[in-house]
Amino acid sequence: MEFVVELVISVLIVIGGIFTLIGSFGLVKLPNLLMRLHAPTKATTVGVGAILIASMLFFWVERGTFTIHELLITIFLFLTAPITANLIGKAYLLRHVDPKDDLPHTGEAEGWATFDAREPAEQPKDPGKLPQD
């Protein structure tokens with residue numbers, strides 16, 4: 001294997017390891033959920049992504065075959081990590097944040113998207129009977 005390819009693979013592995021280490025450290029040391037949420041998503045997307053790309057490059061150069069497994073795992077992580085972080089963040093906001101006291105005004109007629117649900121429907125007087133539309 002050429003020196004340049006080995007260097008690129010080594011740099012990708014080191015970058016992936018550094019991001020994974022920093023993400024793990026941030027997960028343990030940051031004070032609240034929203035701050036802790038940021039660290040592992042970056043570790044997953046950049047750290048593990050760099051290691052998987054290094055693995056793909058190694059097997060492509062060493063054996064001459066392109067492996068699709070690492071590419072599929074990388075795409076899956078790049079798609080699912082931000083979506084999962086967004087859902088966890090919204091769940092945290094819904095459970096722990098009072099929109100009137102804790103959030104700044106948006107300056108628009110609409111408020112924050114997470115809290116813009118319609119008013120709860122009027123409850124029927126008889127629990128066994130549903131309201132008619």
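The figures here come from the full heavy-atom set of this structure, side chains too, leaving out hydrogens, waters and symmetry mates. Numbering of residues begins at 1 and proceeds along the displayed sequence.
- Residue pairs meeting the side-chain hydrogen bond (donor to acceptor under 3.5 Å, both in side chains) criterion with at least one partner in residues 72-81, sequence neighbours excluded, are absent.
- Cluster annotation: I83 and V46 are assigned to distinct hydrophobic clusters (Ile/Leu/Val/Met/Phe/Trp/Tyr, side-chain heavy-atom contacts under 4.5 Å, transitive).
- Annotation for A85 and L37: closest pair O-CD2, 3.2 Å, computed over non-hydrogen atoms.
- There is no path of hydrophobic side-chain contacts, each under 4.5 Å, that joins I51 to V48.
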Expected list for residues 14-35: side-chain donor-acceptor pairs under 3.5 angstrom, two or more places apart:
{"residue": "T20", "atom": "OG1", "partner": "G16", "partner atom": "O", "Å": "2.7"}
{"residue": "S24", "atom": "OG", "partner": "T20", "partner atom": "O", "Å": "2.9"}
{"residue": "N32", "atom": "OD1", "partner": "L34", "partner atom": "N", "Å": "3.4"}
{"residue": "N32", "atom": "OD1", "partner": "M35", "partner atom": "N", "Å": "3.0"}

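- With rounding to the nearest 0.5 angstrom, the CD1 atom of I68 is 7.0 Å from the CD1 atom of I75.
- No side-chain heavy atom of E70 sits less than 4.5 Å from a side-chain heavy atom of I53.
- A donor-acceptor pair is defined here as one N or O able to donate and one able to accept, closer than 3.5 Å; such a pair exists between the side chain of T45 and the backbone of T41.
- Each ring pair (Phe, Tyr, Trp, His ring centres under 6.0 Å) pair with one or both residues in residues 43-81, not counting sequence neighbours, would appear here, but there are none.
- Between the CE atom of M56 and the CD1 atom of I73 there is a distance of 10.5 Å, given to the nearest 0.5 Å.
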